[in-house]
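To start, the structure under review is shown below, and the notes come after it.
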Amino acid sequence: METSATSGPHPFPVRRDLAVRAAAGQRLLNDDRPLVALLDLDAVRETAQALHTAFAEAAAPGQPVLHAFAVKAGSLVPLLRLLNGMGIGCEVASPGELALARAAGVPGDHIVLDSPAKTVTELREALALGVALNVDNTQELDRLDTLLGPGPTDVRVGLRVNPQLGAGSIGAMSTATDTSKFGFALRDAGAREHVLRAYRDRPWLTRLHCHVGSQGMPLAQMAAGVRATYELAEEINTAAQRAHGRRQVETLDLGGGLPVNFASDEVTPTFRDYARLLRAEVPGLFDGRYGLVTEFGRSLTAKAGLVLARVEYTKTSGGRPIAITHAGAQIAVRTVFAPESWPIRVTAYDPAGRPRTGEPVRQDVAGPCCFAGDLVARDRPLPPLAAGDLAALLDTGAYYASTPFGYNSLPRPAVYGYTLTGGDANGDPGGTVSFTPLRRAQTLEEVVAESGGDC
């Protein structure tokens with residue numbers, strides 16, 4: 001099966017309901033820990049396999065393809081370790097993310113460094129580890145000239161280019177606009193010639209990288225960015241063939257993620273959709289002449305996760321029912337501050353973890369943060385929530401638990417992976433849910449230490 005929503009011994013939504021019931025029964029939430037994040041590890045495995053399969057179907061026999069998970073989407077060492085075991089490396093954008101990848105055992109040749117603000121120390125470390133580098137700008141390229149010196153150099157370095165194809169529906173997530181802070185802007189005056197000259201003068205530049213896709217970007221626009229990058233690589237290689245009798249660009253790094261459907265359990269678009277579109281739009285990409293790298297993040301883990309929060313109180317204000325929960329801006333920062341761009345599904349469970357039923361009532365689902373806009377759902381029709389119930393924030397397996405917001409010094413919640421054994425595809429409750437910690441809950445002592453308690 002291609003989609004995590006329909007594969008495995010149980011359909012994905014059934015596994016989710018069983019996990020919530022097990023979490024309630026095993027008291028993963030209590031008075032000290034009224035918030036927890038859960039990640040369906042089988043769904044992660046299924047999605048990772050779907051990614052491998054989609055590109056294997058499109059690629060030429062033996063064509064090297066490295067899928068590098070964008071660590072910012074899931075900065076949990078056990079998750080990176082799981083993906084590494086499935087042949088998926090890491091795309092990192094900071095010293096911290098590189099440290100996480102190394103802690104997970106990801107080898108240097110399966111890591112790509114994309115930060116736009118790399119220090120000399122970071123560049124040295126990446127070169128020493130054999131990490132692939134995507135150079136963001138001319139000044140960074142000058143630094144590498146100094147670090148590498150003259151003569152033949154065995155490194156994995158390329159330029160990041162911006163084809164300047166415009167924004168998607170979420171401006172803050174659009175990396176290929178005319179004025180984007182990322183990469184070499186190909187349509188600026190003289191920029192393309194500058195890039196071609198950089199490759200001509202540096203035979204050790206053997207890769208080319210673009211990043212067009214992300215949430216809010218249509219697949220056609222993503223494919224156009226890949227096509228522009230491929231055409232530039234062909235131009236570089238034609239010049240190198242004439243001058244030196246060899247091709248220069250060996251690897252194309254197709255950065256950017258696949259959009260995720262946050263409106264339902266359906267997985268759309270799929271990795272197969274994207275790979276087939278690329279094959280149709282850029283057929284030379286898959287003829288075996290280039291190694292390929294992808295940098296998917298959100299699309300690998302979002303559907304596998306949920307955040308489970310206890311309803312602490314309910315009230316009414318101006319005739320609007322409000323459920324006060326423990327999940328707000330500290331874990332759902334994008335949803336709270338940009339709800340139109342990052343809407344989230346919320347489902348209701350009773351204290352025992354059973355799905356709430358009843359005639360839906362329009363209500364707000366609020367978080368614990370001390371400002372009025374801390375709402376994860378506004379005027380949302382849901383079964384009536386009561387104190388002690390559980391509110392589940394769905395499709396939160398990417399970014400939500402791994403990129404917390406330190407507002408009000410609220411402790412970061414524990415993250416548990418879960419697997420299901422036994423039962424059948426009809427949702428037999430005899431199946432057993434097993435939890436494994438992916439991150440411990442932050443203690444108040446750790447909160448104090450993080451805020452300079454030892455200074």
- Task: Please assess Arg16 against Thr347 for the test side chain to side chain contact (heavy atoms under 4.5 Å, CB included), listing each intermediate value before the final yes or no.
- Result: CA-CA 11 Å; Arg16 180 175 64 217; Thr347 58; 5.6 Å; no
- ring pair (Phe, Tyr, Trp, His ring centres under 6.0 Å) partners of Tyr407, counting only residues at least two apart: Phe371, Phe405
- Message: List the residues meeting salt bridge (charged side-chain N to carboxylate O under 4.0 Å, His left out) with Arg102, not counting sequence neighbours, and say none if there are none.
- Response: Glu125
- For Tyr199, all residues meeting ring pair (Phe, Tyr, Trp, His ring centres under 6.0 Å), sequence neighbours excluded: none
- Note on the structure: Residue pairs passing the ring pair (Phe, Tyr, Trp, His ring centres under 6.0 Å) test with at least one member in residues 45-66, sequence neighbours excluded, are His52-His67, Phe55-His67
- Mind listing the closest non-hydrogen atom pair of Phe286 and Ala275 along with its distance? CE1-O, 3.9 Å
- Task: Kindly write out the residues that satisfy side chain to side chain donor-acceptor pair (under 3.5 Å) with Gln63, not counting sequence neighbours, or none if the list is empty.
- Result: none
- Task: Answer yes or no: is there a side-chain heavy-atom contact under 4.5 Å between Pro269 and Leu258?
- Result: yes
- Applying side chain to side chain donor-acceptor pair (under 3.5 Å), name anything that partners Arg227, two or more places apart in sequence or on another chain. Glu281
- With no hydrogens and no angle check, is any side-chain donor or acceptor of His326 less than 3.5 Å from a backbone partner on Leu35? no
- Output for pair (Cys90 SG, Leu66 CG), nearest 0.5 Å, gives 9.5 Å
- Message: Using 0.5 Å steps for rounding, measure from the CG atom of Leu113 to the NZ atom of Lys118.
- Response: 5.0 Å
- CZ-CG distance between Arg279 and Asp287, expressed to the nearest 0.5 angstrom: 9.0 Å
- Query: Are the side chain of Glu122 and the backbone of Thr119 linked by a donor-acceptor contact shorter than 3.5 Å?
  - Reply: yes
- Task: Of all the heavy-atom pairs spanning Trp204 and Leu144, show the shortest one and how long it is.
- Result: CH2-CB, 4.1 Å
- Query: Between Thr432 and Thr419, is any pair of side-chain heavy atoms under 4.5 Å apart?
  - Reply: no
- Task: Say whether, by atom type as modelled, one donor and one acceptor occur between the side chain of Arg298 and the main chain of Ala73 under 3.5 angstrom.
- Result: no
- Task: Please step through salt bridge (charged side-chain N to carboxylate O under 4.0 Å, His left out) for the pair Glu446 and Arg439, ending with a clear verdict.
- Result: CA-CA 14 Å; Glu446 289 168 336; Arg439 185 184 70 197; over 6 Å; no
- Message: Checking Arg345 now: which residues fulfil salt bridge (charged side-chain N to carboxylate O under 4.0 Å, His left out) with it, not counting sequence neighbours?
- Response: Asp265, Asp395
- Decide yes or no on side chain to side chain contact (heavy atoms under 4.5 Å, CB included) for His211 and Asp114, but give the supporting numbers first. CA-CA 10 Å; His211 184 298; Asp114 278 333; 5.8 Å; no
- Exceeds 12 heavy-atom contacts within 6.0 angstrom, atom CZ of Arg378: yes
- Look up atom CG in Leu254 and atom CG in Leu208, then write down how far apart they are to the nearest 0.5 Å. 10.0 Å
- Can you sort out the partners of Ser409 under side chain to side chain donor-acceptor pair (under 3.5 Å), two or more places apart, ordered by chain and number? none
- Task: Go through Leu232 and Arg192 one step at a time and tell me if the side chain to side chain contact (heavy atoms under 4.5 Å, CB included) criterion holds.
- Result: CA-CA 9 Å; Leu232 177 59; Arg192 192 178 189 90; 3.9 Å; yes
- Closest heavy-atom pair, Val336 versus Gly373, reported as atoms and distance to 0.1 Å, is CG1-O, 3.3 Å
- Query: Which heavy-atom pair separates Val376 from Ala327 by the least distance, and what is that distance?
  - Reply: CG1-O, 3.5 Å
- Item | Heavy-atom pair of closest approach, residues Gly225 and Pro163 | CA-CG, 4.1 Å
- Message: Surrounding CZ of Arg242 (heavy atoms of other residues, nucleotides or ligands, distance under 6.0 Å), is the total greater than 12?
- Response: no
- Query: Less than 4.5 Å apart, any side-chain heavy atom of Leu41 and any of Thr436?
  - Reply: yes
- What residue pairs, at least two apart or across chains, pass salt bridge (Lys or Arg N to Asp or Glu O under 4.0 Å) with a residue in residues 85-100? Lys72-Glu91
- Message: Under the rule for side-chain contact (heavy atoms from CB on, under 4.5 Å), what residues qualify as partners of Pro404, not counting sequence neighbours?
- Response: Arg412
- pair Leu79-Val415: side-chain heavy atoms closer than 4.5 Å: no
- Are Val267 and Phe12 close enough, and set up right, to give a side chain to side chain contact (heavy atoms under 4.5 Å, CB included), and what steps lead you there? CA-CA 11 Å; Val267 177; Phe12 174 57; over 6 Å; no
- Nearest heavy-atom neighbours spanning Ala449 and Asp454: O-OD1, 4.3 Å
- Would you confirm whether Asn261, through its side chain, and Glu266, through its main-chain N or O, come within 3.5 Å as a donor-acceptor pair? yes
- Query: Just wondering, are more than 12 heavy atoms of other shown residues or ligands nearer than 6.0 Å to CD in Gln139?
  - Reply: no
- Arg272 and Thr53, any side-chain heavy atoms less than 4.5 Å apart: yes
- Task: Could I get the full list of side-chain contact (heavy atoms from CB on, under 4.5 Å) partners for Pro107, not counting sequence neighbours?
- Result: Asn84, Asp109, His110
- Message: Side chains of Leu28 and Leu38, heavy atoms from C-beta outward: is any pair under 4.5 Å?
- Response: yes
- Query: What pairs with Asn237 under side-chain contact (heavy atoms from CB on, under 4.5 Å), at least two apart in sequence or on another chain?
  - Reply: Arg247, Gln248, Val249, Tyr290
- Output the distance between atom CG (Leu308) and atom OG1 (Thr325), rounded to the nearest 0.5 Å. 10.0 Å
- Message: One thing to verify: whether Arg202 and Asp145 come together as a salt bridge, which I'm taking to mean a side-chain N less than 4.0 angstrom from a carboxylate O.
- Response: yes
- Could you tell me whether the side chain of Arg21 reaches within less than 4.5 Å of the side chain of Val433, counting heavy atoms only? no
- Does Glu234 come within less than 4.0 Å of Arg289, counting only side-chain N to carboxylate O? yes
- Message: Does Asp154, at its CG atom, have more than 12 non-hydrogen atoms belonging to other residues, nucleotides or ligands within less than 6.0 Å?
- Response: no
- Task: Check whether any side-chain heavy atom of Gln330 sits under 4.5 Å from a side-chain heavy atom of Cys369, and report yes or no.
- Result: yes
- Note on the structure: Between the CZ atom in Phe69 and the OG1 atom in Thr294, the distance rounded to the nearest 0.5 Å is 11.5 Å
